[in-house]
Amino acid sequence: MAHSNSMRVLPAACLILSMVILLIVNCTNKSAHSRICSEQKGKWSALLNRKAQHPLDPLTHSEMLAVQTLLRNTSLLGKERQVLHSVELEDPDKQEVLRWKPGQPIPTRHAEVILTIDGVPRKIVVDVGLGKIVEDTEIPGSGYPPISVDDFEKIMASPATYQPFLDSLAARGLKIDEVLCLPLSPGWYGVPEDENKRLTKLQCFVHKDTLNIYTRPIEGIVIVLDLTTMQVTRYIDSPANKAPIPKKDGTDYRFSAQTPPYFAALNPISIEQPLGPSFTLDGHVVKWANWEFHVRPHGRVGNIISQAKVDGRSVMYQGFLSELFVPYQTPEQGWYFRTYLDAGDYGLGIFSLPLQPLNDCPRHAQYMDAVFSGPDGAPYITPNMICIFERYAGDIAWQHAEVLGNEKIHEARAKVTLVVRMIASLGNYDYIVDWEFQTDGVVRVKVGATGVLMIKATDMTSVDANVTKDELDDMRGTLISENTIGVIHDHFLAFHMDLDVDGPNNSFVQGKFVRYSEPPEVSPRRSYWAVEKHVAKTEEEARIQFSLDHPSEFYVVNPGKKTRLGNQVSYRVVPGTSISSLLDPRSSPQTRAAFTNNQMWITQYNRTEKYAAGFLTSQSHGDDGLAVWSNRNRNIEDTDITLWYILGFHHVPCQEDFPVMPTAEASFEIKPTNFFERNPILKMQPNH
Ligand SMILES: *[C@@H]1O[C@H](CO)[C@@H](O)[C@H](O)[C@H]1NC(C)=O
Ligand SMILES: *[C@@H]1O[C@H](CO)[C@@H](O)[C@H](O)[C@H]1NC(C)=O
Ligand SMILES: *[C@@H]1O[C@H](CO)[C@@H](O)[C@H](O)[C@H]1NC(C)=O
Ligand SMILES: *[C@@H]1O[C@H](CO)[C@@H](O)[C@H](O)[C@H]1NC(C)=O
Ligand SMILES: [Cu+2]
């Protein structure tokens, strides 16, 4: 839903972000923070002193400090009109990572630094070991990097001095200190006044008397701000659209704000693990049952699962939530541009908050902290950013019971899985992203969407007989409280799945289900279905749109590996929730998010093709991204390939979504298919 977009609120946003930054830990040169630093130092010493143990480990605290020193020394940081957006580990060469064995020296570590200098995006690659810049280039293409934390403080300050905005507030009986404005990503629409400027569009809310600011929008005002000059370049206050501010009553979702009667309390519940969990976390490497994988936090995509192996055989080199697309469906000035690409426009890891034990993750979860770069290049910690836990939901892994004469057989195994969880809190919306590993070799990727809707204010207080059909049509949503419309929208989530099924060289096979008939002399029945398998040779042959009328199964096979019976070793992609986009393919949001043209894609592996809407998404024109790469139409047969699964759902809000929505879940899975010789969990122990 809403999802989106906004940032952690201005003052509040800043508050939250700066709290995180304060926690930090760079004591060397931030005297203002040093008290906190010295108190925190003991607690975080293990993290502060950590060294990379694996080629894919994220940049450590000391590596980030080294990058900061180098950037300062080369005058790339700390000057006017220089904005630092991110410092991340640059993906090492895949072959080097695959060759590496624990205990060997780690291959050269590179930091990828994204800056804008005078409004021009630059990528700098630092050899961390040598303390040297090895690449420094302007980033080609139309997009800009995400809004940085640094931008926030300046953005927050800007409306307060802009007289036309103060006049608009006065006309509505509001004061500036009752108002917060959030920087929304502006999309790209070819509006001449907006071209060639790094922009944000501010949407303002009344924060007086409620924590749930998203429910109190000031409709009709849009402030277009140039992020390079921090000047207002356009200001819109549509007189036609002065809906009242929705009331504060009923918007607080905290338990303390609810009044009796309460929902009957359930008895306390907790899954016991009297002997502790069954997994180990060593640095970033997780081992559990027949699985082993590496997990690391990432500022842009939240987290990355790497080198997932079952029974020591590789399944996936890397998997992560590559991009989101959340287009709203109403044409007003303040709304038409809301077509968020949340990972590239904001950053899923940067917008994660510490997970709360017992509510966000169960007892016995283990937590992983993240180290991200602040706007001045100083590293800061987001504690408990990822949690890892075993899930037992009372389900059955396999079972069979029967009576044969005097013999009764009853064999059953409880289903326990391992979950890696991250929650991106992108302003009003919260996305819970779970990677769930099963002992039978299945990996389920599940997303839960929750949080607060993006709300449009309206004159309407009910949809009774006095409301005309035109007014109803113009709502583009549902009246979910008085003066409050939950606007309709979609959620698309693109998962990058670099599957390496039993080795890097794989092919993509589509098993098409077709009807066939037999003549009466062969069979008294008229029709059957059968599976026809097709190996996709090029990227074009692997652009998949799901259809109930033309069902298919989809396999990533290893053409060089067979079972003892000669079946091709593979993993099957089991689609879950998916939608197709209803937007005009020529419209700019659809071109920019063209990864939603299909529900599944295969591309040839390319280390730099990671982000489905392109490397820089803010104001991008659609000149980079999955659709562009797929158009190269490279060979994808018996070579290293990447699968992209586009999960999605439409959202027509309802009253139950107010003032906070119950989690809506969507998922897909990958499932071993002739990968094992038999049911791999036959020898699992039953419970006693
Ligand atoms: C900055 O660069 C100069 C010239 O390369 C070098 O002599 C100096 O040691 C560097 N300072 C730091 C703090 O790295
Ligand atoms: C509908 O409009 C009539 C005339 O303006 C008014 O008397 C009536 O109260 C309205 N009904 C509701 C439910 O608002
Ligand atoms: C790898 O991806 C980059 C970015 O899309 C592109 O410039 C390059 O040509 C690609 N290489 C191959 C072999 O496709
Ligand atoms: C994978 O395929 C590429 C060509 O696409 C080939 O160069 C390479 O040797 C193959 N690797 C393996 C392990 O078979
Ligand atoms: Cu939604």
Side-chain angles (χ1 to χ4, degrees), residues 1-5 91 93-95 98-99 123 137 139-141 143 214 314 317 322 324-330 338-340 342 426-432 447-456 476-478 480 485-493 496 498 500-508 537-539 557-561 569 577 579 595 602-616 620 622-642 647-654 656-658 660-666:
M1 339 325 180
H3 87 90
S4 91
N5 53 14
D91 262 358
D93 176 69
K94 182 168 172 179
Q95 296 312 319
L98 293 177
R99 274 196 303 272
K123 178 171 113 174
T137 45
I139 304 172
Y214 306 106
S314 87
Y317 179 66
S322 167
L324 289 85
F325 178 46
V326 187
Y328 286 79
Q329 307 296 338
T330 188
R338 299 191 197 195
T339 52
Y340 305 106
D342 281 303
L426 293 153
N428 58 315
Y429 233 74
D430 302 76
Y431 291 99
I432 304 160
V447 175
T450 178
V452 180
L453 292 177
M454 271 268 116
I455 274 156
K456 184 172 79 168
R476 311 288 169 195
T478 308
I480 56 172
I485 294 170
V487 175
I488 54 175
H489 57 275
D490 305 302
H491 299 262
F492 293 92
L493 300 99
H496 171 114
D498 177 5
D500 280 8
V501 177
D502 224 0
N505 283 359
N506 290 170
S507 298
F508 179 68
K537 298 201 176 332
T538 63
E539 290 172 327
V557 309
N558 186 323
K561 298 276 170 71
V569 163
T577 327
I579 53 171
F595 65 86
I602 303 280
T603 53
Q604 197 182 78
Y605 172 80
N606 180 325
R607 189 174 60 93
T608 61
E609 292 178 351
K610 289 165 66 174
Y611 306 120
F615 190 67
L616 299 181
S620 61
D623 47 344
D624 188 16
L626 185 47
V628 173
W629 311 330
S630 171
N631 270 336
R632 298 187 180 135
N633 208 17
R634 293 162 289 194
N635 167 53
I636 53 166
E637 190 180 3
D638 197 10
T639 189
D640 194 359
I641 56 178
T642 302
L647 186 145
F649 48 101
H650 303 296
H651 190 174
V652 179
C654 56
E656 288 83 352
D657 293 341
F658 184 87
V660 63
M661 65 172 280
T663 304
E665 288 180 352

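Both ligands and their constituent atoms are indexed starting at 1 by order of listing. This chain uses plain numbering: 1 for the first residue, then up along the sequence. For the numbers below, each heavy atom of this structure counts, side chains included, while hydrogens, waters and symmetry mates do not.
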Indicate yes or no for a side-chain donor-acceptor contact from [X] to the backbone of [Y] under 3.5 Å, with no hydrogens or angles considered.
{"X": "S507", "Y": "V557", "answer": "no"}
{"X": "R607", "Y": "D91", "answer": "yes"}
{"X": "D623", "Y": "G141", "answer": "no"}
{"X": "E539", "Y": "T603", "answer": "no"}
{"X": "N558", "Y": "V569", "answer": "no"}

Exercise. Could you tell me the angle subtended at the Cu ion (ligand 5) by NE2 of H489 and NE2 of H491, rounded to 10°?
Key: 100°

Self-check item: Region of R634 that comes within reach of ligand 3 [heavy atoms, distance under 4.0 Å]
Solution: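 Contact part for R634 vs ligand 3: side chain (C-beta onward).
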
Quiz item: Who are the residue neighbours of ligand 4 when the rule is a heavy atom under 4.0 Å from any of its atoms?
Solution: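 For ligand 4, the residues that come within the 4.0 Å heavy-atom cutoff are N505, D638, T639.
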
Quiz prompt | Where ligand 3 meets T608 - atom numbers and elements under 4.0 angstrom, heavy-atom basis | solution = 1 (C), 2 (O), 3 (C), 4 (C)

Quiz item: Under 4.0 Å from any heavy atom of W629, which atoms of ligand 3 are there?
Solution: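 Those qualifying, in numeric order: 5 (O).
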
Quiz item: Any idea which N/O/S atom from H651 gets closest to the Cu ion (ligand 5)?
Solution: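 Of all N, O or S atoms in H651, the Cu ion (ligand 5) lies closest to ND1.
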
Practice problem: Say whether R607 and ligand 3 are in contact under the criterion: heavy-atom distance to a ligand atom below 4.0 Å. | Solution: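 Checking ligand 3 against R607, which is what was asked, there is no heavy-atom contact under 4.0 Å.
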
Quiz item: Is there side-chain contact between P662 and D657, with at least one heavy-atom pair below 4.5 Å?
Solution: yes

Exercise. Please report the C-alpha distance between L98 and Y317 in whole Å, then the side-chain angles of each, then the deciding distance to 0.1 Å, and finally whether the side chain to side chain contact (heavy atoms under 4.5 Å, CB included) criterion is met.
Key: CA-CA 9 Å; L98 293 177; Y317 179 66; 4.0 Å; yes

Quiz prompt | Among Y340, F649, Y328, ring-ring contact (aromatic ring centres under 6.0 Å, His included) partner for H491 | solution =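 With H491 as partner, Y340, F649, Y328 yield a single ring-ring contact (aromatic ring centres under 6.0 Å, His included), made by F649.
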
Quiz item: Under 3.5 Å, is there a donor-acceptor pair linking the side chains of S314 and D500?
Solution: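 Short answer, no.
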
